[in-house]
Amino acid sequence: MAFLLQLQSPLGLGFRNPSHPASSTPTRASSCRLASSTKSSSPISTDFSNWVAEFRSKSFNFALSGALSLALSFSGVGSAEGKVGVNKPELLPKEFSTVIDVAGFLSDGQEKRLAQEIANIEKDTGFKLRVLAQNYPDTPGLAIKDYWQVDDRTIVFVADPTFGNIINFNVGALIDLDIPRSFWSRLAGKYGNIFYWKEKGEDASIEAAVMAISSCLREPVGQNNCSEVK
């Protein structure tokens, strides 16, 4: 697999962005389902959820610190390439930005367009998309967690061609309730494969993936939402 999918809590640390309290964000079906599942959870399911959250937290740390994609199945079994962890806050922009391009894949105009699209996504859906373009080991790595205040409503999109497929994700728990897990693998397969970005460029892969995510997040939640990668 060419992406990291978070099944429970991104990072397993329960981050919340104080500038986006829960009461100020649009409510989707995920909130109701999350509340329902919380009330009905048994001790066994709680223990299992805690185990998965801990496992995913470690996996996410690998993906960001090592700037690499984990070969993760949806059952939670996976493996990672052995790379040295990275934490370089000095590579972060001095001013807050939802798009960080330390690899130089994007032009200034592309960065601005993506940042505007991301702002529109957050305004319309309450979900936060964050984009990091990098070439391992030149990456801020784990430093982006605090910088972006990653929480359960956050999608972290790491564009890194180091291991072939350029598209890698970490998906927050509330997003995972609304968006089919197969969507992320299909998205990575369509726009992240090496043939696509070698022919069209890394920037084209990044832009196409962001627009596909934007389209998916705006679809009504239902049995067939996000069934097509646009």
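Along the sequence shown, residues carry numbers from 1.
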**Prompt:** Going only through I, L, V, M, F, W and Y residues with side-chain contacts under 4.5 Å, is there a path from Val158 to Leu91?
**Reply:** yes

**Joint hydrophobic cluster, Leu187 plus Met211, side-chain heavy atoms closer than 4.5 Å** = no

**Glu117 vs Arg218, salt bridge (Lys or Arg N to Asp or Glu O under 4.0 Å): CA-CA, chis, key distance, verdict** = CA-CA 12 Å; Glu117 184 63 32; Arg218 287 182 166 84; 3.5 Å; yes

Between [X] (side chain only) and [Y] (backbone N and O only), is there a donor and an acceptor less than 3.5 Å apart?
X      : Y      : result
Asn193 : Gly189 : yes
Lys88  : Gly141 : no
Asn135 : Ala103 : no
Asn165 : Ala188 : yes
Asp101 : Gly104 : yes

Would you say [X] and [Y] make side-chain contact, with heavy atoms under 4.5 Å?
X      : Y      : answer
Trp148 : Ile100 : yes
Gln110 : Arg113 : yes
Gln149 : Thr154 : no
Phe105 : Ser205 : no
Asp203 : Ile206 : no
Lys230 : Glu219 : yes
Asp152 : Phe127 : no
Ile155 : Asn170 : no

Identify the two heavy atoms, one from [X] and one from [Y], that lie closest to each other, and give their separation to 0.1 Å.
X      : Y      : answer
Glu228 : Phe183 : O-CE1, 4.5 Å
Ala143 : Asn87  : N-OD1, 3.1 Å
Pro161 : Ile166 : N-CG1, 3.7 Å

**Item:** Polar side chain donor-acceptor pair, Arg181 to Ser185, under 3.5 angstrom
**Value:** no

**Request:** Verify the distance criterion only: is there a donor paired with an acceptor across the side chains of Asn120 and Gln116 at less than 3.5 Å?
**Result:** yes

Pairwise distance [atom1]([X]) to [atom2]([Y]) - rounded to 0.5 angstrom:
X      : Y      : atom1 : atom2 : result
Thr98  : Phe157 : OG1   : CZ    : 12.5 Å
Asp138 : Thr162 : CG    : OG1   : 9.5 Å
Thr139 : Asp160 : OG1   : CG    : 7.5 Å
Leu217 : Cys226 : CG    : SG    : 6.5 Å
Tyr196 : Ile167 : OH    : CD1   : 8.5 Å
Lys145 : Asp151 : NZ    : CG    : 13.5 Å

**Request:** In sequence, state the C-alpha distance, the side-chain angles, and the governing distance for Val99 and Leu106, and then conclude on side chain to side chain contact (heavy atoms under 4.5 Å, CB included).
**Result:** CA-CA 10 Å; Val99 180; Leu106 303 168; 3.9 Å; yes

**Prompt:** Would one find more than 12 heavy atoms of other residues, nucleotides or ligands at under 6.0 Å from atom CD of Glu90?
**Reply:** yes

**Asked** Counting only heavy atoms not in Phe195, do more than 12 fall under 6.0 Å of its CZ?
**Response** no

**Prompt:** Taking it one step at a time, do Ile118 and Val131 satisfy side chain to side chain contact (heavy atoms under 4.5 Å, CB included)?
**Reply:** CA-CA 9 Å; Ile118 289 170; Val131 178; 3.9 Å; yes

**Asked** Does Phe163 have its ring centroid less than 6.0 Å away from the ring centroid of Tyr136?
**Response** no

**Request:** Test side chain to side chain contact (heavy atoms under 4.5 Å, CB included) on Ile144 and Val150 and set out the steps.
**Result:** CA-CA 8 Å; Ile144 69 168; Val150 175; 5.6 Å; no

**Request:** Step by step, work out the side chain to side chain contact (heavy atoms under 4.5 Å, CB included) result for Val229 and Tyr191.
**Result:** CA-CA 9 Å; Val229 177; Tyr191 294 127; 3.8 Å; yes

**Ring geometry between Tyr147 and Phe96 (parallel below 30°, tilted from 30 to 60°, perpendicular above 60°)** = parallel

**Prompt:** How far apart are the C-alpha atoms of Glu122 and Arg130, what are their side-chain angles, what is the distance that settles it, and do they pass the salt bridge (Lys or Arg N to Asp or Glu O under 4.0 Å) test?
**Reply:** CA-CA 10 Å; Glu122 190 165 348; Arg130 303 292 183 258; 3.4 Å; yes

